[in-house]
Amino acid sequence: DIIYEALPGGTINITKFDTVNNLVSGAFEFTATESYPNTNPKMTAMITSGYFKDMPIGEGAYGQGNITALLNGTPFNSDTAGLEMIYTHSSFGGINLFDYGQDMNNDSFISIQRIPLRTGTYEMDSSTTRKDSTPIIIFQNWGNLQRNASTESAGSSGTLTITTCDLAHRRLSGTFQFSGLDSLGNTITISNGEINNVQWEP
């Protein structure tokens, strides 16, 4: 592989910055020189008529919505006064949401995976979540991996209700709850969970 690094003097022109649908478009051009595997200023590449169209804005997107819940009775939410710490991507014909709380380096996160793109209520336990099409609720603690729990674990259960699924604007709303045991035998309870107008990436 050969890697080129842009030289000073390139231009980028943002032609669309949509803070409602969180999409950005633009055009660019620049000249670059080889930087890997060798630094060779004589090896140049000129990029002209470059463009990007409707690229999604990810974490920290404008008006992305938020996720809130009580984690063992303690408030857990993604609302950071405009910079929502939510990551989304598509999987198995549905959406995966990751809520990192108010700090991306937070020890814990809540994830709801394989969310169907339709309204409805979904009951989950360790037998149903073995199916590729059934949603999963996961609690993860990075500081102590034995504190992890999910609806895939024996003795756990969860409910997800999607109340709004706006396909045109890629936005979801709903509620969720979870109860289960981590590998140390501690109870993990997620209650009053709400997905509030969260936008997923296309």
Side-chain angles (χ1 to χ4, degrees), residues 1-69 76-119 135 138 140 142 162-174 176 194-202:
D1 292 340
I2 299 175
I3 298 174
Y4 287 80
E5 186 172 323
L7 296 171
T11 62
I12 183 168
N13 179 29
I14 302 299
T15 58
K16 173 182 177 181
F17 198 87
D18 182 345
T19 59
V20 174
N21 295 304
N22 285 302
L23 299 172
V24 62
S25 300
F28 60 91
E29 58 184 36
F30 61 91
T31 300
T33 60
E34 182 181 341
S35 61
Y36 179 86
N38 303 303
T39 300
N40 187 349
K42 293 183 179 179
M43 290 293 296
T44 62
M46 183 175 289
I47 306 299
T48 60
S49 302
Y51 72 93
F52 49 95
K53 182 176 179 182
D54 289 340
M55 298 298 294
I57 302 170
E59 294 96 342
Y62 294 86
Q64 189 180 20
N66 61 61
I67 297 173
T68 62
F76 187 95
N77 67 77
S78 62
D79 189 355
T80 58
L83 185 64
E84 311 303 342
M85 302 316 293
I86 301 171
Y87 170 73
T88 65
H89 66 81
S90 301
S91 176
F92 295 102
I95 300 299
N96 295 339
L97 299 181
F98 299 86
D99 177 2
Y100 292 93
Q102 293 187 329
D103 181 352
M104 192 62 118
N105 297 315
N106 196 325
D107 274 349
S108 302
F109 75 80
I110 295 170
S111 176
I112 308 171
Q113 301 183 12
R114 302 192 309 216
I115 301 172
L117 294 179
R118 60 185 178 275
T119 59
I138 299 170
Q140 178 90 42
W142 294 116
I162 300 300
T163 55
T164 304
C165 182
D166 181 346
L167 296 176
H169 299 99
R170 309 185 323 278
R171 290 193 175 269
L172 285 174
S173 293
F176 62 96
E194 291 190 19
I195 302 168
N196 303 299
N197 200 34
V198 167
Q199 185 176 56
W200 70 85
E201 295 184 21

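- Within the structure, no pair that satisfies the salt bridge (charged side-chain N to carboxylate O under 4.0 Å, His left out) test touches residues 25-52, not counting sequence neighbours.
- At a threshold of 4.5 Å between non-hydrogen side-chain atoms, the residues Ile115 and Leu172 count as touching.
- Of the inter-residue distances, the one linking Ile162 atom CD1 with Ile112 atom CD1 reads 7.5 Å to the nearest 0.5 angstrom.
- Residues that satisfy the side chain to side chain donor-acceptor pair (under 3.5 Å) test with Ser173, not counting sequence neighbours, are absent from this structure.
- Listed by first and then second residue, the salt bridge (charged side-chain N to carboxylate O under 4.0 Å, His left out) pairs that reach into residues 13-27 are Lys16-Asp54, sequence neighbours excluded.
- With Gln199 contributing its side chain and Gly65 its backbone, the two residues share no donor-acceptor pair below 3.5 Å.
- A 4.5 Å side-chain heavy-atom check between Leu117 and Trp200 finds at least one atom pair inside the cut-off.
- The local environment of CZ in Phe52 is crowded, with over 12 non-hydrogen atoms from other residues, nucleotides or ligands closer than 6.0 Å.
- At distances below 3.5 Å, not a single donor-acceptor pair connects side-chain atoms of Ser25 with backbone N or O atoms of Thr15.
- No side-chain heavy atom of Leu97 sits under 4.5 Å from any side-chain heavy atom of Ser111.
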For this session: Dump the intermediate steps for side-chain contact (heavy atoms from CB on, under 4.5 Å) on Ile67 and Ile110, then the final yes or no.
Result: CA-CA 9 Å; Ile67 297 173; Ile110 295 170; 5.8 Å; no
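- Considering CG of Asn38 and CE of Met43, their distance stands at 9.5 Å, rounded to 0.5 Å.
- Ala32 pairs by the side-chain contact (heavy atoms from CB on, under 4.5 Å) definition with Tyr4, Phe30, not counting sequence neighbours.
- Residues passing the side chain to side chain donor-acceptor pair (under 3.5 Å) test with Asn197: none are found, sequence neighbours excluded.
- Under the ring pair (Phe, Tyr, Trp, His ring centres under 6.0 Å) criterion, Phe17 pairs with Tyr62, sequence neighbours left out.
- To the nearest 0.5 angstrom, Phe28 atom CZ is 12.0 Å from Asn13 atom CG.
- Here the CG-OG1 distance, from Asp166 to Thr164, works out to 8.5 Å after rounding to the nearest 0.5 Å.
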